[in-house]
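Order of the sequence lines fixes the chain letters, A, B, ..., with proteins taken first and strands second; residue numbering starts at 1 for each chain.
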Amino acid sequence: MTRPTLSLSHVTLRYEHGITALDDVTLDVAEGERVCILGPNGSGKSTLASVLCGLLAPDEGCVMLVGELACTSVGVDFDAYRRARRRLGLVFQNPDDQIVTSVVEEDVAFGPENLGVPSEQIGERVARELHRVALDRYAQADPSRLSGGQKQRVAIAGALAMEPQVLVLDEPGALLDVRGRRGIMRVMDKLHDAGTTIIHVTHFMEEALAADRVVILDKGRLVLQGTPQKVFSHSEELVSLGLEEPFVSRLAEALQARDVTVPWTCDEDQLLDSICSVTSEAMPADGQAKRPRDQLMRAREGSYRLAGASSEDAIRADSLSYSYGDTDAREDRRPALDGISFRIPRGSMTAIVGQTGSGKSTLLRLLCALEAPDAGTLVVDGIPSNGRRQRRQLHGHVGYVMQHPERQLFAETVWEDVAYGPTNLGLPAQEIERRCHEALALVGLLGRELSSPFHLSGGQQRLCALAGILAMEPRILVLDEPTAGLDPHGRAQLRAIITDIHARGTTVIQVTHSMDDAAMAEQVIVLNEGRVLLDGSPAEVFSPSTEQTLRESGLGLPDALAWAMRLEDAGVPVGTPLSIDELADAIANLVHEEVEHGL
Amino acid sequence: MAFRISLGRYVPADSPIHRLDPRAKIVCGVALMVSVFFIQTPVQLAFGWACALALVLASRVPAGKVLESIRPVIAVLMVLSLFNLLLVTSGDTLVSFGPLRITTDGLWAAVNYSLRLVVAVIAANLILLTTTPTQLTDAFDALLAPLSRIGLPGHEIAMVFSLMLRFIPTIADEASAIVDAQTARGGALAEGSPIRRVRAVVPVIVALLASSLRHANGLSRALDARCYEGGAARGHWHPLQMHPSDWLALAVTAAYVVVLISLG
């Protein structure tokens, strides 16, 4: 057997306060291998990534990195670490922190300059890597003007220009939208084909499917490893760890639970074939669909319209325009919002989708009365938002959960931070206390009132920030990508809390990158270049007929619908399901109905 | 509220000013900035302004960008002018109300002091607008080399300066997001009594500090990962080299300073 490129044996690493980040981890990575590391927040993934790229030395155990014996039972060899680090690349979550200059090509050259690479070679490397990440055209651009996905690709090019033997990517897609993540995955595929060893830490199970090997960490211990097929088949264990399975295997399980005989798999094509074969067995020879596909759709639309018509509007926007004008230093002087009109019924759950730069964030700022529209009218909770006084009044009606709301935390204790909003509303002390208590109970942080918000875990910080807004008891809650950067457990927890808040009668409006989240809302508004592209129920917005429109504006379909369309192409008509359960039901119906028919 | 700071953002273009060696550019720029303090007469002021405008033209930086970078200092210059107008009492009296006297000297001082400072601001901004942060770092590095020789961290000072320029817009964006969030929680920075406003600053500053520390942590991880180890072993993609045009620029600047002073 050849020597592994990276080798950890019995590695243990403790932080101050006695937290054990890694606990007796043994891991070998072969040359050219693509390893994916999964695990809930706080499981030690990032620490493991840092150890693997030579930035952290463990307290115990042996570390061998690209042929350098860096850490043994005798001690740490800092020179070996220095040598190893020159052949290890790292890209992590926040692209803003990784870019050190304000010209793309200069930034890519930074690493090679540090390595002392001769200047004529640096030019070649910069051009080559920018081409690899498809950013040739942006060589002279200012990184702060690029989208998150493009910035992250600059960071990858910067790491690759150092020609590392191993590239470690620590949640590179956590802060990106779907399009940005897809771009990163494409780059990784290319690198893998070119023979680079890749270590990829992620919260997205779908991304793990492309790996040769999946490693699962929990509380610093390596609990499961193997091929994706093998690891994801331990579904119960995954769920107990707060992880989830990829969509494909969840669908396979949902079908099995409905007595459809398909084998468990996490391979898309395999599942597609199995579904086709079970349905074709059951279906009559002509293979015609018995149920017209839009029957289901119409039924759903009807219920939405009914609910919409019976209540008054929480928000009504008429030809709303806003542009940053000359306060904006950008060259681009297009209006951020260009005469948009829509209404949101009281008590509804609305999703706003659109790619970066579509005007989503601007719209949210207007809805939260942080800005007055340039033209048009915006009535929020019955109050027109044109005047300064009215806007101030609205701050008590509309709760605004910004992107990464944990950044707004400031107080010494969780309690004080949550009480900040209600105190500003000038409420009596008793009322403040009641509200804080209720908000903390709702997000599950009771008992942590006296902790410093900065000592909470990432997921808890977000919940604490959310509680600070809920304590103001807003009638309308506006959330900007509330689940961004969380692990599957955190995402599920936050979704449950939002559903709970909605059930209590609050109007919920959220901007989201996830089409699956959007499909769960009652109304979906699609923005593109400052205009409303589509507005309606999820069934109206996500349908085979709108697919083209959505793709053109950089968006996709919910997984279930995308699958239904693939099945349709393969001759299995399942209608237009929007959730995994609807899809599984439709397939099961097809199989069982036809079987009865055949008998 | 939005803080959109565009101070010293590099504007890519192909111009003689962009092509200058950054060391030569910085030396010329500093000479220009210091020379404005010799401006005393209208002729000198006109000459200084003419040269500044010629430089803006030669740099091919859109005039809007230059204006934008001057805007933040306008308020300061206005206050400066006002003080000069009211406090300089030599010369002929033009108007007087009670103890206040506006004199010819005061008027001239008000005009001259602020207008000549604009020349200095233009010179400083042209350096930032036409030089990449990497070039700036390299140049400061080279110019601060004597410091390194006596044991002071010349290279590190240059690097910190360049990182500061890089992070200004990031922190500014973050600041406006935090102001938004706290405003929506009823902590309005722009409303209410002065005490209320001062109190509203704390939640913004603390959150921003926490945010900056997060960035600092991330940045240090990134610098380590990219093998940044200070100046010693560092190579350069575009090594600095003085060309005849750079020497010419220095000579022209020297001539300008001499002419400017002799006009006085």
Of the backbone (N, CA, C, O) and the side chain (C-beta and beyond), which part of [X] lies under 4.5 Å from a heavy atom of chain A, both, or neither?
{"X": "Pro203(B)", "value": "both"}
{"X": "Ile205(B)", "value": "neither"}
{"X": "Ser211(B)", "value": "side chain"}
{"X": "Arg199(B)", "value": "neither"}

Is any side-chain heavy atom of [X] closer than 4.5 Å to a side-chain heavy atom of [Y]?
{"X": "Arg407(A)", "Y": "Leu208(B)", "value": "no"}
{"X": "Ile99(A)", "Y": "Phe167(B)", "value": "no"}
{"X": "Leu115(A)", "Y": "Arg234(B)", "value": "no"}
{"X": "Leu163(B)", "Y": "Thr101(A)", "value": "no"}
{"X": "Val108(A)", "Y": "Trp237(B)", "value": "no"}
{"X": "Tyr400(A)", "Y": "Asp180(B)", "value": "yes"}
{"X": "Thr183(B)", "Y": "Arg391(A)", "value": "no"}

Next item on the list: Please check if the side chain of Glu113(A) supplies one atom and the backbone of His236(B) the other of a donor-acceptor pair under 3.5 Å.
Entry: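 Checking the backbone N and O of His236(B) against the side chain of Glu113(A), no donor-acceptor pair under 3.5 Å is found.
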Note to self: Using a 3.5 Å distance criterion without hydrogens, assess whether the side chain of Asn114(A) forms a donor-acceptor pair with backbone atoms of Arg226(B).
What the structure shows: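 Here the side-chain-to-backbone pair exists.
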Should the heavy atoms of other residues, nucleotides or ligands under 6.0 Å from [atom1] of [X] be counted, would the total exceed 12?
{"X": "Glu412(A)", "atom1": "CD", "answer": "no"}
{"X": "Phe78(A)", "atom1": "CZ", "answer": "no"}
{"X": "Ile195(B)", "atom1": "CD1", "answer": "no"}
{"X": "Met78(B)", "atom1": "CE", "answer": "no"}
{"X": "Arg19(B)", "atom1": "CZ", "answer": "yes"}

Distance from [X] atom [atom1] to [Y] atom [atom2], nearest 0.5 Å?
{"X": "Ile168(B)", "Y": "Ser144(A)", "atom1": "CD1", "atom2": "OG", "result": "11.5 Å"}
{"X": "Ser162(B)", "Y": "Glu106(A)", "atom1": "OG", "atom2": "CD", "result": "10.0 Å"}
{"X": "Gln98(A)", "Y": "Leu223(B)", "atom1": "CD", "atom2": "CG", "result": "10.5 Å"}

Which residue out of [options] racks up the most heavy-atom pairs below 4.5 Å with chain B?
{"options": "Asp96(A), Val117(A), Leu409(A)", "result": "Asp96(A)"}
{"options": "Thr423(A), Asp170(A), Val91(A)", "result": "Asp170(A)"}
{"options": "Val398(A), Leu88(A), Ile122(A)", "result": "Ile122(A)"}
{"options": "Asn424(A), Leu425(A), Val478(A), Ile469(A)", "result": "Asn424(A)"}

Under 4.5 Å from any heavy atom of chain B, what part of [X] do you find: side chain, backbone, both or neither?
{"X": "Ser361(A)", "result": "neither"}
{"X": "Asp142(A)", "result": "side chain"}
{"X": "Val126(A)", "result": "side chain"}
{"X": "Glu105(A)", "result": "both"}
{"X": "Leu55(A)", "result": "side chain"}

Contact winner vs chain A - [options], heavy-atom pairs under 4.5 Å:
{"options": "Arg214(B), Gln182(B), Arg221(B)", "value": "Arg221(B)"}
{"options": "Cys227(B), Pro62(B), Gly64(B), Ala216(B)", "value": "Cys227(B)"}
{"options": "Gly218(B), Pro12(B), Ala200(B)", "value": "Gly218(B)"}

Margin query: Give me the atom names and distance for the closest heavy-atom approach of Ala184(B) to Leu370(A).
Written below: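 Heavy atoms only, the tightest pair is N-CD2, 4.1 Å.
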Next item on the list: Heavy atoms only: give me the nearest Asp97(A)-Ala222(B) pair and the separation to one decimal.
Entry: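 Of all heavy-atom pairs spanning Asp97(A) and Ala222(B), the closest is O-CB, 3.6 Å.
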Next item on the list: Apply side chain to side chain contact (heavy atoms under 4.5 Å, CB included) to Leu219(B) and Val100(A), showing your working.
Entry: CA-CA 8 Å; Leu219(B) 180 65; Val100(A) 294; 4.0 Å; yes
Next item on the list: Report the C-alpha separation of Arg185(B) and Asp417(A) in whole Å, then their side-chain angles, then the decisive distance to 0.1 Å, and conclude whether the salt bridge (Lys or Arg N to Asp or Glu O under 4.0 Å) test is met.
Entry: CA-CA 11 Å; Arg185(B) 291 167 88 189; Asp417(A) 209 293; 3.0 Å; yes
